[in-house]
Amino acid sequence: MRVRFAPSPTGALHIGGARTALFNWLMARHEGEDGTLVLRIEDTDRERSTPENVAQILDALQWLELDWDEGPISQISRSDRHQEVLAQLLDDGHAYRSTATADDVRAYKARHGADRGFRGTAEGEGAIRLRVPDDGASVVRDVIRGDTTFQHVHLDDAVIARGDGTALYNFAVAVDDHDAGITHVVRGEDHLSNTPKQLLVYEALGAAPPVFAHLPLLHGPDGKKLSKRHGAASVQELRDAGYLPAAVRNYLALLGWGDADDETLIPTAELVRRFDIARVSRNPAQFDEVKLRWMNGRYLRELSTDELTAQLERFTGRTGLRDAVEISREKVQTLADFWPLAGFIFDGPADDAAAREKWLGEAGQAVLADVRSALAQVDPYELAPIEAALRGVVEARGAKPKDVFQPVRVALAGVPVSPGIFETLAVLGRDESLARIDRAIGQTG
RNA sequence: GCCCCCAUGGUCUAGCGGUCAGGACGCCUCCCUUUCAAGGAGGAGAUCGCGGGUUCGAGUCCCGCUGGGGGUACCA
């Protein structure tokens with residue numbers, strides 16, 4: 001089995017593209033030694049293709065840990081071969097040159113009926129069009145959708161090369177897939193309608209077409225096409241939002257594909273083992289970041305504290321995070337959640353007037369004074385004794401735990417949300433803890 | 001306009017002629033509890049888009065409609 005992922009470098013790799021890459025990768029890896037994934041960059045649109053985008057796509061694939069076996073092959077680098085085939089098709093009458101414009105095509109349809117495809121006449125100059133027969137039909141054999149028949153009468157004589165002779169997508173893709181020995185073309189459903197044109201190119205080449213698999217498209221939460229306003233839409237945005245590649249792979253795999261047992265948390269190795277392209281769904285899916293967040297949290301908690309610390313230090317650019325990670329790992333879903341929760345340990349308490357007002361009033365001040373003296377005597381200054389000391393204050397004051405712990409929390413973190421209070425006190429150390437409490441005392445709301 | 005695809009709770013899905021239509025996210029309640037989470041236990045939520053068929057029996061098969069999406073570029 002030989003599959004390919006063929007993005008066009010006209011922008012960053014979006015979630016839809018990432019899923020297409022993933023499905024191709026899963027197919028190839030499922031076959032083990034017999035599976036090959038070819039990466040081809042479809043850069044025939046010289047206006048919009050940029051080296052920056054190519055680099056970005058490669059970077060995204062690497063981050064997702066989706067490796068390829070051949071390529072990346074630039075489609076433009078195959079221009080000579082394209083010219084060769086073009087000349088051949090021109091020569092044997094499968095294609096012809098025509099100066100007909102889009103307006104001419106429209107006019108033709110006005111005359112012949114909207115459901116009649118445009119047929120031009122050979123002029124010896126202009127763009128190169130594929131000669132489409134009026135009779136017969138092309139059948140797209142798709143492992144997900146079954147057979148789809150396109151009557152040739154409805155098809156236009158497609159332009160396969162520009163007036164300057166450079167190849168266009170529907171032609172280049174067929175030639176390149178054929179030359180690369182691609183056996184299964186797995187891509188988005190937006191390509192389904194263009195497939196008969198490609199089939200006609202295969203036919204003109206006298207070549208057998210590959211098997212197709214058109215994946216349902218991905219939509220945003222509003223059912224519309226996915227775009228930036230839907231939040232993290234590109235792979236790099238997902239990375240910046242603190243998601244783990246393994247979680248992204250798991251989530252994306254479930255967008256349009258489901259195993260018979262309908263499991264939700266499926267590690268990559270298991271994905272590879274179970275993946276079956278024929279089981280891919282036919283209906284479009286909405287990208288739901290809330291579910292991704294949940295799943296990411298599950299993957300995050302499976303990491304050892306050392307691993308998670310390493311990831312978090314890379315993500316935040318800070319070091320010495322291990323103790324803080326240890327006490328907050330149960331409370332974050334993404335790498336990006338960590339700093340807002342635990343950053344105060346390193347950068348000092350945040351300034352939240354509402355929290356101060358609520359917890360550092362008269363009652364709070366009194367509590368802090370008691371806590372301060374209790375903490376000053378804790379020995380050793382460790383988790384268990386710290387907890388005992390604070391609970392002692394609760395008991396001595398006959399207060400509710402919350403009325404003691406929240407003022408302390410606000411004194412330490414500045415906000416009413418933080419990792420466990422005993423743990424935080426321990427991680428901060430006695431000096432820093434007392435210093436922060438002292439600072440809070442006298443600071444009225 | 002024309003061609004094509006699709007249709008199970010809000011979302012992702014299981015289902016492949018006979019199930020109380022199952023699971024996951026989210027939501028609600030309760031437990032745990034120092035906050036927030038995490039975890040545990042329950043719960044609400046689907047006349048399987050609508051209408052016709054076929055069949056003893058249809059979410060599952062067929063037709064129509066509606067809705068959504070894609071294509072219709074000298075873009076990919």
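These numbers were taken from a predicted model, which means no experiment stands behind them. Side chains included, hydrogens not; waters and symmetry mates left out as well; all remaining heavy atoms used. Within every chain, numbering begins at 1; the chains are lettered A, B, ... in the order of the sequence lines, protein sequences first and strands thereafter.
When the nucleotides B/C74, B/C3, B/G69 are ranked by their closest atom to the side chain of A/Phe150, B/C3 comes out on top. The side chain of A/Arg409 sits closest to B/U35 out of B/G23, B/U35, B/A76. Distance from the side chain of A/Asn283 is smallest to B/A7 among B/U35, B/A76, B/A7. Distances from the side chain of A/Asp115 to the nucleotides B/C2, B/G70, B/C74 place B/C2 closest. The side chain of A/Asp156 lies closest to B/A73 when the candidates are B/G1, B/A76, B/A73. Residue A/Asp288 places its side chain closer to B/U11 than to any other of B/U34, B/U11, B/A76. Residue A/Leu192 places its side chain closer to B/C5 than to any other of B/C5, B/A76, B/U34. When distances are taken from the side chain of A/Arg48 to each of B/C75, B/U34, B/A76, the shortest belongs to B/C75. When distances are taken from the side chain of A/Pro401 to each of B/U34, B/C12, B/A76, the shortest belongs to B/U34. Set against B/C3, B/U72, B/C25, the side chain of A/Lys291 has B/C25 as its closest nucleotide.
Base pairing annotation: B/A7 forms a Watson-Crick or G-U wobble pair with B/U66, both donor-acceptor distances under 3.5 Å. Remark: B/C27 base-pairs with B/G43; criterion is Watson-Crick or G-U wobble with both hydrogen-bond distances under 3.5 Å. B/C36 makes up no base pair with any nucleotide shown, lacking Watson-Crick or G-U wobble contacts both under 3.5 Å. The partner of B/U54 is absent, by the rule that a Watson-Crick or G-U pair needs both atom distances under 3.5 Å. If you check B/G1 for Watson-Crick or wobble pairing at under 3.5 angstrom, you find it paired to B/U72.
A sub-4.0 Å separation between OP1 or OP2 of B/G69 and a side-chain N or O of A/Arg282 is absent. A sub-4.0 Å separation between OP1 or OP2 of B/C74 and a side-chain N or O of A/Thr101 is absent.
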Return a table of donor-acceptor pairs under 3.5 angstrom between the side chains of residues 110-117 of chain A and protein atoms on other chains or two or more places apart.
| residue | atom | partner | partner atom | Å |
| --- | --- | --- | --- | --- |
| A/His112 | ND1 | A/Tyr108 | O | 2.9 |

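The C1' atoms of B/C48 and B/A41 are separated by 29 Å, rounded to the nearest whole Å. Of the C1' atoms belonging to B/A44 and B/C27, the separation is 9 Å, rounded to the nearest Å. Between B/C74 and B/U66, the distance separating the two P atoms is 31 Å to the nearest Å. Here, B/C2 and B/C61 have their C1' atoms 29 Å apart, quoted to the whole Å.
Screening A/Asp156, A/Asp104, A/Asp157 against A/Arg119 for a salt bridge (charged side-chain N to carboxylate O under 4.0 Å, His left out) leaves a single residue, A/Asp157.
Nucleic acid contact class of A/Ser193 (heavy atoms, under 4.0 Å, all strands): base. Among the atoms of the strands shown, none is found under 4.0 Å from any heavy atom of A/Gly188. Contact annotation for A/Ala102: no contact, since no heavy-atom pair falls under 4.0 Å across all strands. Residue A/His214 is classed as having no contact, given no heavy-atom separation below 4.0 Å to the nucleic acid. Contacts of A/Asp261 with the nucleic acid, taken as non-hydrogen atoms under 4.0 Å apart, are absent. At a threshold of 4.0 angstrom between heavy atoms, the contacts of A/Asn194 include nucleobase atoms, whether or not backbone atoms are also involved. Using a 4.0 Å heavy-atom criterion, one finds that A/Pro284 contacts the sugar-phosphate atoms exclusively. As judged by a 4.0 angstrom heavy-atom cut-off over every strand, A/Arg279 is placed among residues touching the sugar-phosphate backbone only. At a threshold of 4.0 angstrom between heavy atoms, the contacts of A/Leu168 are confined to the sugar-phosphate backbone, with no base atom among them. Among the atoms of the strands shown, none is found under 4.0 Å from any heavy atom of A/Ser328. Among the protein residues, A/Ala260 comes within range of the sugar-phosphate backbone only, with heavy atoms under 4.0 Å from sugar or phosphate atoms but none that close to a base.
For A/Tyr96, there are no ring-ring contact (aromatic ring centres under 6.0 Å, His included) partners two or more places apart in sequence or in a different chain. In this view, A/Asp147 and A/Arg141 satisfy the side chain to side chain donor-acceptor pair (under 3.5 Å) rule, not counting sequence neighbours. For A/Ala87, the side chain to side chain contact (heavy atoms under 4.5 Å, CB included) criterion is met by no residue, not counting sequence neighbours.
Between the CZ atom of A/Arg187 and the P atom of B/A76 there is a distance of 13 Å, rounded to whole Å. Going from atom CD1 of A/Ile421 over to atom P of B/U33 covers 18 Å, rounded to whole Å. Whole-Å rounding puts the A/Lys400 NZ to B/U35 P distance at 11 Å. Distance, A/Phe422 CZ to B/U33 C1': 11 Å, rounded to whole Å. Atom CZ in A/Arg129 sits roughly 13 Å away from atom P in B/U72 (whole-Å rounding). Going from atom CD of A/Gln286 over to atom P of B/G9 covers 11 Å, rounded to whole Å. If you take CG of A/Asn250 and P of B/C12, they are 17 Å apart, rounded to a whole angstrom.
When all heavy atoms of A/Leu368 and A/Ala440 are compared, the pair lying nearest together is CD1-CB, 3.8 Å.
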Check the pair A/Tyr299, A/Tyr243 against ring pair (Phe, Tyr, Trp, His ring centres under 6.0 Å), reporting the backbone distance first and the verdict last.
CA-CA 9 Å; A/Tyr299 273 85; A/Tyr243 293 106; over 10 Å; no
Atom pairs under 3.5 Å: protein N/O with N/O of nucleotides 58-64 of chain B:
none

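For A/Arg40 and A/Asp177, the salt-bridge test passes: some basic side-chain N is under 4.0 Å from an acidic carboxylate O.
The aromatic rings of A/Tyr202 and A/His178 stand perpendicular to each other, their planes meeting at an angle above 60°, with 30° marking the opposite boundary. Using cut-offs of 30° and 60° on the angle between ring planes, the pair A/Trp339 and A/Phe346 is parallel.
Residues A/Phe23 and A/His30 keep their aromatic ring centres 6.0 Å or farther apart. A/Phe275 and A/Trp257 have their aromatic ring centers within a separation under 6.0 angstrom. Ring pair A/Phe315/A/Phe338: centre-to-centre distance not below 6.0 Å.
Within a 6.0 Å sphere centred on CD of A/Glu203, heavy atoms belonging to other residues, nucleotides or ligands number 12 at most.
Not a single donor-acceptor contact under 3.5 angstrom links the side-chain atoms of A/Arg145 to the base of B/C5. With hydrogens and angles ignored, no donor-acceptor pair under 3.5 angstrom links the side chain of A/Thr264 to the base of B/G23.
Mapped onto RNA chain B by nearest heavy atom, A/Val290 and A/Thr148 fall at different nucleotides, with A/Thr148 at the one closer to the 5' end. For the pair A/Thr149 and A/Ala127, both in contact range of RNA chain B, the more 5′-proximal nearest nucleotide belongs to A/Thr149.
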Sugar-phosphate or base contact per nucleotide [nucleotides 37-43 of chain B; S, B, -; heavy atom under 4.0 Å]
BSS----
